[in-house]
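Some notes on the structure that comes next.
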Amino acid sequence: MTELLPRARPDAISEERVRLAAEHVRLAYDEQVVVDDLDLELTEGSFTAIVGPNGCGKSTLLKALGRLLRPTSGQVLLDGRAIARTPTREVAKVLGLLPQTPVAPEGLTVGDLVARGRHPHQNWLRQWSRDDEAVVAEALSWTSMSELADRPVDALSGGQRQRAWISMALAQGTDLLLLDEPTTYLDLSHQIDVLDLVGRLHAERGRTVVVVLHDLNLAARYAQRLVAMKDGALVASGTPAEVLTEQLLADVFELEARVITDPVAGSPMVVPVRRLR
Amino acid sequence: MATTVDVPARGAARSPVRARRLGTLALLLVLVAAAALASIAVGTRSIGVGDVWAALVDSSLGTEEAVIVRQLRVPRTVLGLMVGAALGLAGALMQGHTRNPLGDPGLLGVTAGASLAVVLAISALGITTPSGYVWFAFAGALTGTVLVYAIGSAGPGGATPVTLALAGAALSALLYALVRAILVSDQQTLDSFRFWVVGSLAGRDAGIAWQVAPFLAVGVLLALLNAPALNLLGLGEDVARGLGQRIWLARAVGLAAVTLLCGAATAACGPIAFVGLVVPHAVRALTGPDHRWLLPCSALAGAALLLVADVVGRVVARPGELQVGIVLALIGAPFFIALVRRRRTAGL
């Protein structure tokens with residue numbers, strides 16, 4: 001088995017080591033403050049899901065963690081270094097991200113899309129190499145997209161399209177991966193398909209994964225750690241069983257619910273009763 | 001660990017795409033060569049291919065045909081190649097940056113700025129020859145773009161393709177209003193200006209090509225350097241940044257390239273529409289959206305299209321000729337309509 005896709009080896013993973021951290025972060029669009037004074041630490045090899053009601057600032061937080069949005073105060077640290085002062089390309093070698101419903105130009109083939117994931121590793125002297133070719137081939141095969149490499153992305157189904165984008169992120173070869181609602185607009189079986197893929201990236205490739213998810217039951221099933229947000233603040237963080245309590249669902253989601261045990265995965269499962277006012 | 005992994009599957013699978021791109025490139029090179037030859041041979045006076053060749057290889061040949069070829073037809077053809085390539089390239093850049101299928105180099109205020117400068121040069125300074133007002137046109141083109149950029153980046157979000165296009169449309173409307181105000185009140189200026197404003201390769205001496213050549217060369221270089229960044233920007237700004245692209249740098253390089261290419265072309269020949277709009281569409285249908293192929297192929301196709309239109313203009317109105325700008329509008333519009341009907345053009 002070749003290991004062309006760079007990965008942290010499981011035995012070398014130090015679960016104590018903080019890879020990505022937010023320190024007293026305040027995030028705002030123009031004058032409107034969305035997230036205020038938030039602290040968060042993400043350790044190596046962890047799989048974290050950020051959950052919360054619409055408009056709670058979870059996607060905004062993910063943008064800041066991915067250097068797409070600069071905090072108005074506080075800072076984001078990548079491996080202990082302020083991410084805002086790290087060159088874009090350096091960040092791109094360590095941290096990959098997929099925005100919600102990304103768009104590809106018409107006619108772009110899956111193979112070309114995945115190949116663009118190699119951009120951070122190329123420059124004017126070092127263009128497309130055999131290494132790049134091999135990494136792209138492996139990323140395609142790992143996501144079961146090899147057969148579709150010559151198909152235009154816009155001709156794929158929603159589930160296949162998401163696989164193609166994940167394949168691109170995989171070809172980027174980063175230790176950290178941030179995904180903003182990767183299951184949006186997918187039916188349940190494709191949601192499971194995509195999250196299985198992300199789960200394998202974490203388990204088999206040792207990637208540190210942060211994912212914003214709407215579906216609490218899926219978040220609890222796949223992630224090791226849940227982070228719950230409300231009104232731009234972090235209100236709970238811990239294992240799914242610690243976070244998904246009936247009290248928290250009432251406080252954060254204004255939802256009366258029972259929490260039972262998922263008969264398949266053993267994780268907590270939310271059964272809604274009614275909306276609280 | 002060795003990385004010698006055989007990846008025949010993908011290499012083989014990609015070959016049809018690659019073959020089509022190489023085929024497109026070869027086809028365009030042949031087209032450009034044929035168009036250039038036609039442009040030298042065809043005119044009010046047709047000159048045989050043998051005589052053209054003789055005039056080109058033997059610079060001491062003094063026949064009337066040889067003199068026409070060397071002093072009129074070749075400079076005109078060279079200028080057509082340069083301007084056509086510049087407009088095709090600038091159009092592909094604009095469509096790539098704005099992700100707008102109607103992106104046209106004129107959107108940035110280049111044409112309007114150049115027009116106003118030329119009108120001012122004619123009316124205020126009495127300059128009436130193309131080589132005299134080429135610098136005014138170029139300065140006007142640059143000023144127009146800088147103004148559009150300044151207005152478009154004034155908002156809180158900075159310069160985005162949308163704010164730039166809006167600023168370009170607004171400023172162009174204003175500048176054209178000024179142009180019309182001057183023309184309406186000044187018959188003499190109108191007479192000179194109307195030859196510039198239709199867009200023509202005729203009556204430009206060889207010196208003009210050399211005057212604008214350095215700007216075009218820098219513009220072409222910047223455009224080609226911009227290709228990988230445009231490929232990433234096509235995936236959206238967030239993904240592009242995530243892949244390590246500095247957005248402002250990519251935009252600045254692209255904007256500089258469009259200004260140089262379109263400004264120099266407009267200064268040399270007057271505003272020529274349709275090349276920048278139509279060519280990238282036609283080429284994209286053949287090469288796909290990879291700008292490393294799309295940009296050079298658009299340059300070649302632009303050069304071929306402009307020369308063909310110029311030759312057609314010389315043939316249809318013998319013994320006079322129709323300006324290339326008019327011919328392009330006449331053949332460009334139906335072609336574009338056919339293209340839109342055949343193909344979905346949304347979603348760049």
Side-chain angles (χ1 to χ4, degrees), chain A residues 2-4 29-31 63 66-68 87-93 95-109 111-124 127 130-131 133-138 140-141 146-147 149-150 152 154 165 168-169 172 174 178 180, chain B residues 1-18 20-21 95-96 99 101 155-157 224-225 228-250 281 284-294 343-348:
Chain A
T2 55
E3 293 187 18
L4 291 166
Y29 296 110
D30 298 329
E31 296 301 297
K63 278 188 176 168
R67 199 182 182 272
L68 296 180
T88 316
R89 188 177 285 259
E90 295 304 310
V91 174
K93 287 179 183 169
L95 187 154
L97 52 94
L98 275 190
Q100 202 178 341
T101 58
V103 282
E106 188 183 323
L108 182 72
T109 62
D112 279 349
L113 173 68
V114 177
R116 287 179 188 179
R118 296 304 295 164
H119 182 264
H121 306 276
Q122 296 165 341
N123 57 47
W124 283 104
Q127 288 284 322
R130 277 189 64 84
D131 273 8
E133 187 77 31
V135 171
V136 167
E138 201 185 337
L140 283 167
S141 108
S146 303
E147 299 293 304
D150 271 337
D154 46 284
W165 283 97
M168 186 206 76
Q172 196 178 342
T174 57
L178 311 186
D180 191 359
Chain B
M1 184 175 293
T3 54
T4 50
V5 165
D6 276 339
V7 281
R10 199 173 124 72
R14 270 163 66 82
S15 62
V17 180
R18 194 172 183 80
R20 197 176 56 187
R21 286 169 176 167
Q95 290 180 10
R99 296 173 84 186
L224 297 181
L225 285 172
L230 272 176
N231 278 347
L232 296 186
L233 286 173
L235 306 177
E237 289 199 1
D238 283 356
V239 175
R241 287 188 68 177
L243 289 172
Q245 181 62 51
R246 276 170 291 176
I247 306 297
W248 65 267
L249 182 66
H281 276 293
R284 195 178 291 111
L286 296 168
T287 62
D290 187 339
H291 284 86
R292 289 169 305 178
W293 290 87
L294 181 59
R343 206 169 155 268
R344 280 191 307 131
T345 46
L348 280 188

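Chain letters run A, B, ... following the sequence lines, proteins first, then strands; residues in each count from 1. Keep in mind that what you see is a predicted model, and the values were worked out from it rather than measured.
When heavy atoms are compared at a cutoff of 4.5 Å, A:L95 approaches chain B solely by way of its backbone atoms N, CA, C and O. Heavy-atom distances place the side chain of A:P102, and not its backbone, under 4.5 Å from chain B. Looking at A:L97, only its side chain comes within 4.5 Å of chain B, counting heavy atoms on both sides. For A:V91, no part lies near chain B; criterion is any non-hydrogen pair under 4.5 Å. Proximity to chain A involves both the backbone and the side chain of B:Q245, based on heavy atoms less than 4.5 angstrom apart.
Listed for the B:R284 side chain is no donor-acceptor partner under 3.5 Å among the backbone atoms of B:P289. A distance-only check finds a donor-acceptor pair linking the side chain of A:R116 to the backbone of B:N231 [under 3.5 Å]. Side-chain atoms of B:H291 never come within 3.5 Å of backbone atoms of B:P228 as a donor-acceptor pair (strictly under, hydrogens ignored). For A:D150 (side chain) and A:G111 (main-chain N/O), no donor-acceptor pair under 3.5 Å exists by modelled atom type.
Highest contact tally toward chain B, considering only A:P99, A:G96, A:G66, is held by A:P99 [criterion: heavy-atom pairs under 4.5 Å].
When side chains are defined from C-beta on, A:K63 counts as touching B:D238, because their heavy atoms get closer than 4.5 Å.
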